[in-house]
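Take a look at the structure set out below.
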Amino acid sequence: MGGKCPHRRVKKRRYSHKTFRLAKFLVKGDDAVYDELKKPDEEKTPLPLDEDLPGMGQYYCLHCDRYFANVAVRDEHFKTKRHKKRLKVMAGPAPHTQIDADLAAGMGMPDNGPKLMSM
């Protein structure tokens with residue numbers, strides 16, 4: 001009895017949630033991507049060459065914050081449902097920011113009423 005599991009995929013299933021959590025924090029937030037999209041064309045800079053990124057960092061989807069290995073893969077990504085949903089989200093109203101969340105929770109600037117004259 002015992003020994004190694006005959007199905008090697010069990011280990012992958014066991015640790016898949018950790019890779020998801022790691023990838024979650026490597027993606028830009030909606031508000032940062034929205035700000036990048038709203039910049040005028042004069043402020044946008046060309047992508048620098050980066051050996052650590054796929055495709056030397058030249059094939060980038062701004063809406064999804066992803067780099068691709070070549071043009072063909074990027075163009076296939078543009079046809080996916082995930083990209084189209086992201087386009088729809090970014091075309092709508094501005095996403096919520098941390099300031100909005102603080103104000104909604106009542107953590108904004110305190111309102112202490114009118115100032116009284118000190119004597």
Side-chain angles (χ1 to χ4, degrees):
M1 296 281 180
K4 293 190 176 185
C5 180
H7 300 291
R8 298 278 182 202
R9 293 177 297 223
V10 172
K11 186 174 184 181
K12 184 174 191 280
R13 260 184 288 158
R14 196 177 309 139
Y15 294 112
S16 65
H17 67 283
K18 293 183 180 180
T19 58
F20 173 74
R21 293 290 294 171
L22 177 66
K24 180 179 181 180
F25 294 106
L26 297 177
V27 178
K28 283 186 190 174
D30 289 349
D31 52 342
V33 172
Y34 190 81
D35 292 341
E36 286 287 324
L37 287 172
K38 295 302 174 188
K39 277 186 181 176
D41 290 334
E42 297 85 34
E43 291 183 22
K44 294 180 182 174
T45 59
L47 295 171
L49 290 175
D50 190 354
E51 295 177 0
D52 296 332
L53 296 172
M56 300 287 285
Q58 296 302 299
Y59 310 107
Y60 180 66
C61 175
L62 183 61
H63 300 93
C64 302
D65 188 40
R66 286 188 60 188
Y67 289 93
F68 300 96
N70 54 35
V71 176
V73 177
R74 186 190 63 189
D75 292 342
E76 284 297 316
H77 163 76
F78 288 156
K79 298 175 187 174
T80 61
K81 186 184 289 187
R82 176 182 282 177
H83 178 75
K84 290 177 183 176
K85 283 184 179 180
R86 189 80 173 162
L87 282 175
K88 191 182 286 186
V89 168
M90 290 297 139
H96 297 291
T97 61
Q98 187 62 40
I99 296 169
D100 296 336
D102 290 343
L103 291 174
M107 295 171 44
M109 297 298 291
D111 184 18
N112 296 331
K115 299 229 180 223
L116 301 175
M117 290 181 50
S118 61
M119 293 194 183

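The two atoms that bring Tyr67 and Pro54 nearest to each other are CB-CD, 4.0 Å, heavy atoms only.
Residues Tyr59 and Met56 are members of separate hydrophobic clusters, defined by side-chain heavy-atom contacts under 4.5 angstrom among Ile, Leu, Val, Met, Phe, Trp and Tyr. By the criterion of side-chain heavy atoms lying less than 4.5 angstrom apart, applied directly or through intervening Ile, Leu, Val, Met, Phe, Trp or Tyr residues, Val71 is grouped together with Val73 in one hydrophobic cluster. Tyr60 is connected to Val33 through a chain of hydrophobic side-chain contacts under 4.5 Å among Ile, Leu, Val, Met, Phe, Trp and Tyr, so both are in one cluster. In the hydrophobic clustering of this structure, Leu62 groups with Leu47; members are Ile, Leu, Val, Met, Phe, Trp, Tyr whose side-chain heavy atoms approach within less than 4.5 Å, directly or through other members.
For the atom pair Arg66 CZ and Leu53 CG, the distance stands at 13.0 Å (nearest 0.5 Å). With rounding to the nearest 0.5 Å, the separation of SG in Cys64 from CG in Leu87 is 7.0 Å. Between atom NZ of residue Lys38 and atom CE of residue Met90 there is a gap of 10.0 Å, rounded to the nearest 0.5 Å.
The local environment of CG in Leu37 is crowded, with over 12 non-hydrogen atoms from other residues, nucleotides or ligands closer than 6.0 Å.
Inter-residue side-chain proximity for Arg86 and Asp30 is flagged as met; some heavy-atom pair is nearer than 4.5 Å.
Classification of the Phe68-His77 ring pair by plane angle, with boundaries at 30° and 60°, yields tilted. Ring geometry, His83 versus His63: the interplanar angle exceeds 60°, so the pair is classed perpendicular (tilted spans 30 to 60°).
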| Evaluation steps, side-chain contact (heavy atoms from CB on, under 4.5 Å), between Lys84 and Lys88 | CA-CA 6 Å; Lys84 290 177 183 176; Lys88 191 182 286 186; over 6 Å; no

| task | May I have the step-by-step check of side-chain contact (heavy atoms from CB on, under 4.5 Å) for Asp65 and Glu36, ending in yes or no? | result | CA-CA 11 Å; Asp65 188 40; Glu36 286 287 324; over 6 Å; no

